Amino acid sequence: MTPSKGFIDPTWVKALVISTTNPPNRNSTFALITIDGIGSDSSLNYLSYAKAVAMGFSVPIENCIFSGSHSHSGPGAISPETLWVVAPAVDVLVPKAQEFLATAIAKAMIQAQTSMAPAKMDLGMGWLVNVTVNRRANKSPYVNRNSIDPHLGVMRVEDTRGNVLATVWNYAVHGVCYGPENLYFSGDIMGKACSYIEQSLGGVAFFINGDAGDIDPAPGMCNNKPDLVGSRIMADAVLNVSKSLKPSSTVSILPYSQQIPFGWTNLNYTLARFNNCTSGGALDVCTICRVLNCEANVHMPASWLEDNPRFTAVRFDVNGKSTVLVTMPGEPLLELGWLVRNDTERLGFNQTFLCGYSNSHMGYFAPPREYVIGGYESQLTFWGIDTAYMIQNGSRTVAE
């Protein structure tokens with residue numbers, strides 16, 4: 001366990017509450033809670049929500065999305081789940097740290113609710129390339145460095161005079177500009193972009209990560225620390241989309257949420273997937289195991305990681321466009337993101353915000369062909385070769 005040495009830039013918990021009725025009711029209200037952290041831990045979310053309710057928060061938890069930015073320089077020691085404890089990006093649970101962060105999140109939720117005022121909004125979609133790369137390009141034959149998700153979703157919320165209250169933006173990128181040796185807090189590349197957006201537009205900027213499981217910042221994007229090159233480029237792209245939007249007070253909001261049980265894990269261990277070993281080895285074990293199909297299936301209970309995740313979808317209808325925000329409880333690889341986008345398009349949505357790292361963090365979600373190839377992302381795909389399809393089904397179920 002290693003303590004932080006301070007901060008490079010502030011890390012934030014933020015909350016936004018939107019309702020189409022006054023007072024809010026469960027069928028017309030949505031709350032977004034974001035944290036500059038590695039992911040969204042369900043135990044922390046439930047603790048934060050209970051504290052907020054005790055303070056007077058009234059939005060049903062089914063209407064809330066708790067989303068982690070996936071900064072690798074955010075707070076750790078906040079989860080009792082064994083996966084979080086052993087993962088290199090977090091640490092052993094420190095109850096005081098968890099309690100402190102939960103209280104901060106609850107206060108942000110209350111502040112958002114009590115600050116509600118008449119507003120108008122719009123949502124749009126842009127396209128951003130040359131900022132990210134696919135980090136599996138040297139391992140997988142199915143992707144190259146340019147295999148990224150270029151979708152840049154933007155929500156603009158204004159007051160009745162046109163002043164920006166909130167900017168929500170959705171893009172796929174790993175927060176790894178500061179490497180594993182860094183012991184200073186930072187919102188990383190997306191956190192700095194939020195600061196630039198707030199300086200330019202005013203209001204509060206909220207980041208929701210997408211299908212970033214295999215997506216890193218491109219070379220050069222992490223240069224010029226702490227004023228990261230990629231942060232400015234992403235912020236400028238968000239501003240361009242925001243300026244094209246036409247906020248309206250005529251908005252329909254429809255949230256839907258469902259917990260979907262996954263059961264115990266089915267972590268399939270093979271030498272091919274974990275050691276890239278298909279021939280040779282001591283006593284020719286790799287060749288033997290390839291022929292005999294040696295494998296070990298590891299079944300871990302809920303004490304290791306969440307196995308009953310909450311999937312949430314929120315539909316917005318404004319200016320003749322239908323947009324859905326749909327959650328995925330961990331790190332979806334690019335291919336899974338496209339599968340979900342194809343599903344929502346078939347369901348009739350014009351725009352889709354993929355909310356990865358939201359409501360829970362259940363590891364990586366490698367689609368079958370990436371799962372077979374192996375690598376870090378495959379090894380941390382905990383429910384076996386069909387994990388991505390299970391996630392796809394959960395997202396589709398709540399979006400329908």
Side-chain angles (χ1 to χ4, degrees), residues 38-39 70 72 83 87-89 129 132-151 171-176 209-218 260 262 265-279 286 289-290 293-300 305-307 309 311 326-344 352 354-358 360-396:
I38 192 71
H70 203 54
H72 280 222
L83 172 64
V129 296
T132 56
V133 294
N134 196 299
R135 68 186 190 185
R136 287 179 61 84
N138 294 329
K139 178 175 288 292
S140 170
Y142 304 111
V143 297
N144 58 54
R145 288 177 62 81
N146 295 321
S147 300
I148 58 101
D149 189 342
H151 291 89
Y171 190 64
V173 60
H174 252 69
V176 291
N209 215 326
D211 45 345
D214 48 352
I215 309 298
D216 274 354
I260 298 179
F262 275 46
T265 67
N266 188 29
L267 182 59
N268 176 249
Y269 183 98
T270 67
L271 291 174
R273 288 183 55 243
F274 278 71
N275 297 93
N276 196 28
C277 170
T278 55
S279 63
C286 299
C289 276
R290 178 171 58 84
N293 194 29
C294 304
E295 62 181 11
N297 293 309
V298 182
H299 305 295
M300 297 183 292
L305 72 168
E306 173 69 63
D307 64 1
F311 288 80
V326 61
T327 66
M328 289 179 281
E331 305 199 39
L333 270 63
L334 172 69
E335 183 181 345
L336 174 56
W338 284 107
L339 291 173
V340 174
R341 289 190 190 279
N342 290 340
D343 286 342
T344 55
T352 299
L354 296 179
C355 304
Y357 309 87
S358 293
S360 299
H361 197 298
M362 300 166 62
Y364 281 86
F365 309 136
R369 60 184 187 175
E370 297 292 346
Y371 182 88
V372 170
I373 290 169
Y376 177 75
E377 300 86 0
S378 168
Q379 294 165 14
L380 293 179
T381 295
F382 288 97
W383 279 267
I385 195 168
D386 292 327
T387 300
Y389 291 151
M390 296 167 71
I391 297 296
Q392 179 189 5
N393 177 69
S395 297
R396 183 176 58 244

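These figures come from a predicted structure and were not determined experimentally.
Side-chain N or O atoms of Ser140 include none that pairs as donor or acceptor with a backbone N or O of Ala137 at under 3.5 Å. The backbone N or O of His72 sits nowhere less than 3.5 Å from a side-chain atom of His70 that would complete a donor-acceptor pair. In this structure a side-chain-to-backbone donor-acceptor pair under 3.5 Å is missing from Asp307 to Thr265. A donor-acceptor contact shorter than 3.5 Å is absent between the side chain of Asp386 and the backbone of Tyr389. Looking only at distances, no side-chain donor or acceptor of Arg145 sits under 3.5 Å from a matching main-chain atom of Arg135.
Using a 3.5 Å distance cut-off with no hydrogens or angles, the side chains of Thr327 and Ser358 do not pair a donor with an acceptor. Residues Glu370 and Tyr142 bring no donor and acceptor atom of their side chains to less than 3.5 Å of each other.
Residues Phe365 and Pro329 approach most closely at CZ-O, 3.3 Å, considering heavy atoms.
Looking at heavy atoms from C-beta onward, Val133 lies out of side-chain contact with Ile215 at the 4.5 angstrom threshold. When side chains are defined from C-beta on, Pro141 counts as touching Ile373, because their heavy atoms get closer than 4.5 Å.
Annotation: ring pair (Phe, Tyr, Trp, His ring centres under 6.0 Å) contacts of Phe311 (sequence neighbours excluded): none.
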>> Test ring-ring contact (aromatic ring centres under 6.0 Å, His included) on Tyr364 and Tyr376; report intermediate values, then the result.
In response: CA-CA 9 Å; Tyr364 281 86; Tyr376 177 75; 5.4 Å; yes
